[in-house]
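Quick notes on the structure that follows.
For the numbers below, each heavy atom of this structure counts, side chains included, while hydrogens, waters and symmetry mates do not. In listed order, ligands and their atoms are each counted from 1. Each residue takes its place number in the sequence, starting with 1.
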Amino acid sequence: ARKRGGKNGVQLFDSNMVDIARTRLEIEQSIEQGLRSGWFTAHLQPIVSLADGRVAGFEALMRLDHPERGLLPPAEIIGVAEENGSIGKIGDCILSKSIASLAAISKLDGLADSYLAVNFSPLQFEPALPARLAALLLENGVTPARIVVEITEAVLMLDNPLVREVLDALSDLGCRIALDDFGTGYSSLSYLNRFPVDIVKVDQSFTRSLSSDQPDVRRKSRMLVEGIRTISHQMGCAVVAEGVETAEQWDILQAMDIEFAQGYLLSRPLPLEALLEKLDDFAPSQAPGRRAAAL
Ligand code: C2E
Ligand code: MG
Ligand code: MG
Ligand code: MG
């Protein structure tokens, strides 16, 4: 291939495409080296009961702690990892590290029953997953009831019998299933019917709109969130609001009888050591404003 600039030139590839290829190669190398060198970690973000401010659980969020490039977020990694087949190994690593973290957190006052929510890519749903998870749980002294498997509608949309089989097996094992980013995909409601869903996570875009400075947006998003809540409750699902950043959003969600909140107002996702230190800030008696200030 020939690259020629200028007005009459045929530009077969531009510098932008070269950048994209280089970035992709860098990510692939980071993943490969990260798996070999133990750079993958799970940061944990508390999920808090809106009724009393108690910490109910934690979501494990993947990070690649690269010695030169810093903390790489999942957005950079997951697409590439799904394409090159490394998502399975990364997922196993996140699973074992976050379950070990939950075992450590369990020793703290009032957190013996706290749960761990783990995100799964559809490609992780292989027949051996439930048995592998069960073994990991046994090893760490964690009961399956304390595990929440987070999937997005995209997973269910695949309509893959294997996904269904594995989800049913995880559910039979005693794990709960959460539908993540709810309301952003297609035909959301039918999934509540067809799959063993226990928890609905309202996407952070709805939470943000609740405190929009445009009255019309506020009013409509409130109706949407109330609608999601009502349907979820009628289907026997608990509701988590994602992306709660302000005390105002907290108050609105609390008044709506939504069970749980997750977001920067309460805490950013943190590495285990930092989280263990912070957990004192979550005493049930403290008001959300105080919690926000504690960050
Ligand atoms: P998610 O599962 O919906 O996770 C919530 C995302 O929102 C996280 O981004 C979290 O850091 C961010 N977040 C939490 N509170 C707030 C807030 O108050 N404001 C804002 N603006 N953001 C907030 P993160 O960690 O970058 O993860 C992005 C997505 O990557 C996740 O979205 C999830 O879909 C995926 N992901 C993360 N970890 C894993 C993993 O271990 N495996 C798989 N397959 N996917 C993962
Ligand atoms: Mg999630
Ligand atoms: Mg989400
Ligand atoms: Mg999300």
Closest candidate by heavy atom, reference atom 30 (O) of ligand 1, pool P74, A261, A117, A42: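 It is P74 that holds the nearest heavy atom.
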Side chain, backbone, both or neither: which part of [X] comes within less than 4.0 Å of ligand 1 when only heavy atoms are counted?
| X | value |
| --- | --- |
| D180 | side chain |
| R268 | neither |
| I94 | side chain |
| I90 | neither |
| P269 | side chain |
| L265 | neither |

Under 3.5 Å, side chain of [X] to main-chain N/O of [Y], donor-acceptor pair present?
| X | Y | result |
| --- | --- | --- |
| R146 | A112 | yes |
| E259 | V239 | yes |
| S30 | E26 | yes |
| Q45 | S267 | yes |
| D181 | D203 | no |
| S212 | Q214 | yes |

Going by the side chain to side chain contact (heavy atoms under 4.5 Å, CB included) test, name the single residue among T230, L210, L50 that passes it with M256.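 Answer after filtering T230, L210, L50: L210.
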For the side chain to side chain contact (heavy atoms under 4.5 Å, CB included) test, which of I231, I258, L192, D180 pairs with V200?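 The option that passes is L192.
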Check if [X] has a non-hydrogen atom at a distance under 4.0 Å from any atom of ligand 1.
| X | answer |
| --- | --- |
| Q124 | yes |
| R63 | yes |
| G243 | yes |
| H43 | no |
| Q262 | no |
| A75 | no |

Heteroatom N/O/S of E242 within less than 2.8 Å of the Mg ion (ligand 2):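 Not a single backbone or side-chain N, O or S atom of E242 is under 2.8 Å from the Mg ion (ligand 2).
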Distance check below 2.8 Å: does N119 bring an N, O or S atom to the Mg ion (ligand 2)?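 It does: N119 brings an N, O or S atom closer than 2.8 Å to the Mg ion (ligand 2).
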List ligand 1 atoms under 4.0 Å from [X], heavy atoms only on the residue side.
| X | value |
| --- | --- |
| V244 | 18 (O) |
| I78 | 30 (O), 35 (C), 36 (N), 43 (C), 45 (N), 46 (C) |
| Q45 | 14 (C), 15 (N) |
| F120 | 44 (N) |
| S121 | 44 (N) |

List for me each residue that meets ring pair (Phe, Tyr, Trp, His ring centres under 6.0 Å) alongside F125, sequence neighbours excluded, and say none if there are none.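 Checked F125 against ring pair (Phe, Tyr, Trp, His ring centres under 6.0 Å); matches are F120.
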I want to check something: taking the side chain as every heavy atom from C-beta on, are Y191 and M157 in contact at a cut-off of under 4.5 Å?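 They are in side-chain contact.
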Heavy-atom side-chain contact between E28 and E83 under 4.5 Å: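 Not in contact.
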Determine which of the N, O or S atoms in D180 is closest to the Mg ion (ligand 3) and give its atom name.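 In D180, the N, O or S atom with the shortest distance to the Mg ion (ligand 3) is OD1.
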Considering only N, O or S atoms of D181, the one closest to the Mg ion (ligand 3):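 So the atom name we want here is OD1.
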Could you pull out the atom name of the N/O/S atom in E59 that is nearest the Mg ion (ligand 2)?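 The closest N, O or S atom of E59 to the Mg ion (ligand 2) is OE2.
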So which N/O/S atom does E150 have closest to the Mg ion (ligand 2)?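 Nearest to the Mg ion (ligand 2) within E150's N, O and S set: OE1.
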Tell me whether R208 has any N or O atom under 3.5 angstrom from an N or O of ligand 1.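 It does not: no N or O of R208 is found under 3.5 Å from an N or O of ligand 1.
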Report yes if some N/O of E245 lies less than 3.5 Å from some N/O of ligand 1; otherwise report no.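 Yes, at least one N or O pair falls under 3.5 Å.
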When you compare the side chains of D92 and Q124, does any donor N or O come within less than 3.5 Å of an acceptor on the partner?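 On atom types as modelled, these side chains do not qualify, holding no pair under 3.5 Å.
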Nearest non-hydrogen partners of C93 and F40, listed with the distance: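 Taking C93 first and F40 second, the nearest heavy atoms are SG-CB, 3.8 Å.
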Kindly determine whether D52 and R54 satisfy salt bridge (Lys or Arg N to Asp or Glu O under 4.0 Å), including the steps that lead there. CA-CA 5 Å; D52 57 11; R54 219 177 277 276; 3.3 Å; yes
At a threshold of 2.8 Å, where the distance has to be below it, does the Mg ion (ligand 3) have an N, O or S atom of D203 nearby?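 No N, O or S atom of D203 is closer than 2.8 Å to the Mg ion (ligand 3), so no.
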If you apply the rule side-chain hydrogen bond (donor to acceptor under 3.5 Å, both in side chains), what do you find for Q249 with T207, and how did you get there? CA-CA 7 Å; Q249 291 164 349; T207 304; over 6 Å; no
